[in-house]
Amino acid sequence: MESQLTRIKSGLKKNALLSQAVAGIKNRIKKKYHKHQGIILPPVEMRLMGKKLENDQYYLDTALQEGERFTNRLNVDINSEILEIGCSSGRSVIGLIQKAGKIKRYVGYDSRAQNVDWCKKYISGKYHWCEFRLIDLQHHLFNKSGKIKVDETFTLDVPDQSFDLIYLSSVLPNWTDHEIRIFAKDYFRILRHGGKLFVTNFIEENVPPVTSNPDGYGLTYKYPNSVFRFEKGYFLSLFTEAGFKFDEFEYRNEIDGQSSVYFSVD
């Protein structure tokens, strides 16, 4: 009887080990991307800006809209050099590739290693003019142990006047006005004469200069100071004081009711 129990236990253990091995193999060979209309998209778990983006067609549509903005609104062409801050898992550059085909250079920064690794494998691997870099920015909520502090000494590892366009979609709402001033100063340093800056944020008129976790956008906040809303004139001043020229404003046309702002460098 004891021998039979031993054999049963041994068999169960072998089955469990086999199941683990099979699960491990399945996990290793599992596709880390979705292919939709012949275009490689990131897996659902890497699409962080809302449930709607889990749908492949919706995700692709929004990517193509980004691509159209690059080519139609920001005059991107084959000679352009673009720096994107907060490239996430590549939605903007996927749209750029579809609409522009090829440009001189694209560099995307992101603070999540898995985003950078995915983009290197599935985008840079094919489009060699695309480069992705990890940036370990310290943030009061999302990356408290980050090595790079956003203080008066902050600069990106990018030469002066080396890009034609700096692009930030749904990045700045998580940063304070003091931090945005620091970023704006560095962005002005990086852009060439005639260069452009595109940003989005929660912006309203006739409100206080800065409001933490604002109502009216259908957002759920887990922590204090998760998101900041800005009064329009005050927000624009954070960039014009750094030397930027304000060009255009589009109200609540972006994700979660953010607004678009276009700046340039004379």
Side-chain angles (χ1 to χ4, degrees), residues 49-50 62-76 80-88 91-93 95-96 99 106-110 137 150 154 156 158 163-214 216-219 225-266:
M49 292 187 293
T62 62
L64 295 175
Q65 288 170 12
E66 300 279 357
E68 288 174 0
R69 175 159 42 222
F70 280 119
T71 55
N72 297 340
R73 299 293 301 280
L74 294 165
N75 301 320
V76 168
S80 298
E81 295 186 76
I82 298 174
L83 175 64
E84 182 172 15
I85 311 296
C87 63
S88 189
R91 185 170 63 98
S92 298
V93 73
L96 172 66
K99 293 296 180 178
Y106 166 94
V107 176
Y109 275 95
D110 203 78
L137 274 185
V150 183
F154 170 82
L156 287 169
V158 174
F163 284 90
D164 303 300
L165 168 65
I166 298 177
Y167 195 86
L168 296 95
S169 177
S170 198
V171 173
L172 294 181
N174 302 123
W175 298 92
T176 67
D177 49 342
H178 175 68
E179 291 162 334
I180 292 175
R181 276 197 176 92
I182 292 169
F183 292 146
K185 181 180 177 182
D186 200 43
Y187 300 157
F188 188 81
R189 173 189 68 83
I190 292 168
L191 283 170
R192 298 182 175 114
H193 294 297
K196 298 179 183 295
L197 171 68
F198 172 82
V199 302
T200 71
N201 215 319
F202 297 102
I203 302 170
E204 304 287 344
E205 294 182 331
N206 302 314
V207 295
V210 185
T211 303
S212 172
N213 292 357
Y217 297 96
L219 300 174
N225 297 328
S226 293
V227 164
F228 297 96
R229 181 194 67 200
F230 293 85
E231 189 274 328
K232 181 181 176 182
Y234 181 63
F235 183 79
L236 298 182
S237 74
L238 303 179
F239 295 89
T240 56
E241 288 172 5
F244 283 99
K245 174 188 172 186
F246 165 61
D247 292 329
E248 193 171 352
F249 176 83
E250 293 180 342
Y251 180 63
R252 284 203 178 205
N253 64 325
E254 295 295 318
I255 289 174
D256 297 327
Q258 293 181 53
S259 298
S260 301
V261 192
Y262 297 77
F263 298 97
S264 60
V265 176
D266 288 334

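Counting from 1, the numbers follow the sequence of the chain as shown.
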Requested in this report: Provide the closest heavy-atom pair for G108 versus C87 in the form atom of the first, atom of the second, distance.
Outcome: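 That would be C-SG, 3.8 Å.
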
**Report entry** Atom of S80, atom of N75 and distance for their closest heavy-atom approach
**Finding:**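 Where S80 meets N75 most closely, the heavy atoms are OG-O, 4.1 Å.
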
Requested in this report: Could you point out which residue of L156, V158, L191 forms a side chain to side chain contact (heavy atoms under 4.5 Å, CB included) with D186?
Outcome: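 Result for side chain to side chain contact (heavy atoms under 4.5 Å, CB included) with D186: L156.
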
Query raised in the report: Which residue, I180, V171, V261, forms the side chain to side chain contact (heavy atoms under 4.5 Å, CB included) with N201?
Result: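 Between N201 and the candidates, side chain to side chain contact (heavy atoms under 4.5 Å, CB included) is satisfied uniquely by I180.
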
Report task. For a ring pair (Phe, Tyr, Trp, His ring centres under 6.0 Å) with F198, tell me which candidate from F249, Y167, F263, F239 qualifies. Result ->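 Answer to the ring pair (Phe, Tyr, Trp, His ring centres under 6.0 Å) test with F198 among F249, Y167, F263, F239: Y167.
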
Query raised in the report: What residues form a salt bridge (Lys or Arg N to Asp or Glu O under 4.0 Å) with R229, not counting sequence neighbours?
Result: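 Residues passing salt bridge (Lys or Arg N to Asp or Glu O under 4.0 Å) with R229: none at all.
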
Query raised in the report: Can you name the salt bridge (Lys or Arg N to Asp or Glu O under 4.0 Å) partners of R192, sequence neighbours left out?
Result: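 E81, D164.
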
Query raised in the report: E254 and S170: side-chain donor and acceptor closer than 3.5 Å?
Result: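 E254 vs S170: no donor-acceptor pair found between side chains.
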
Requested in this report: Could you walk me through whether I85 and Y187 pass side chain to side chain contact (heavy atoms under 4.5 Å, CB included), step by step?
Outcome: CA-CA 10 Å; I85 311 296; Y187 300 157; 4.1 Å; yes

Query - Any residue meeting side-chain hydrogen bond (donor to acceptor under 3.5 Å, both in side chains) with E250, in chain and number order, not counting sequence neighbours - result: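 Testing E250 for side-chain hydrogen bond (donor to acceptor under 3.5 Å, both in side chains), a comparison that skips the adjacent residues, returns R73, N253.
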
**Report entry** Ring-face cation contact, F70 with K99, 6.0 Å cut, 45° max
**Finding:**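 Judged by the rule, K99 and F70 form no cation-pi pair.
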
Query raised in the report: Any idea how F235 and F230 line up, ring-wise: parallel (<30°), tilted (30 to 60°), or perpendicular (>60°)?
Result: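 The rings of F235 and F230 sit tilted, inter-plane angle from 30° to 60°.
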
Query raised in the report: How long is the span from the CG atom in L96 to the OH atom in Y106, to the nearest 0.5 Å?
Result: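 Result: 8.0 Å between the selected atoms.
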
Query raised in the report: What distance do L168 atom CG and E84 atom CD have between them, rounded to the nearest 0.5 Å?
Result: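 Atom-to-atom, L168:CG and E84:CD are 7.5 Å apart.
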
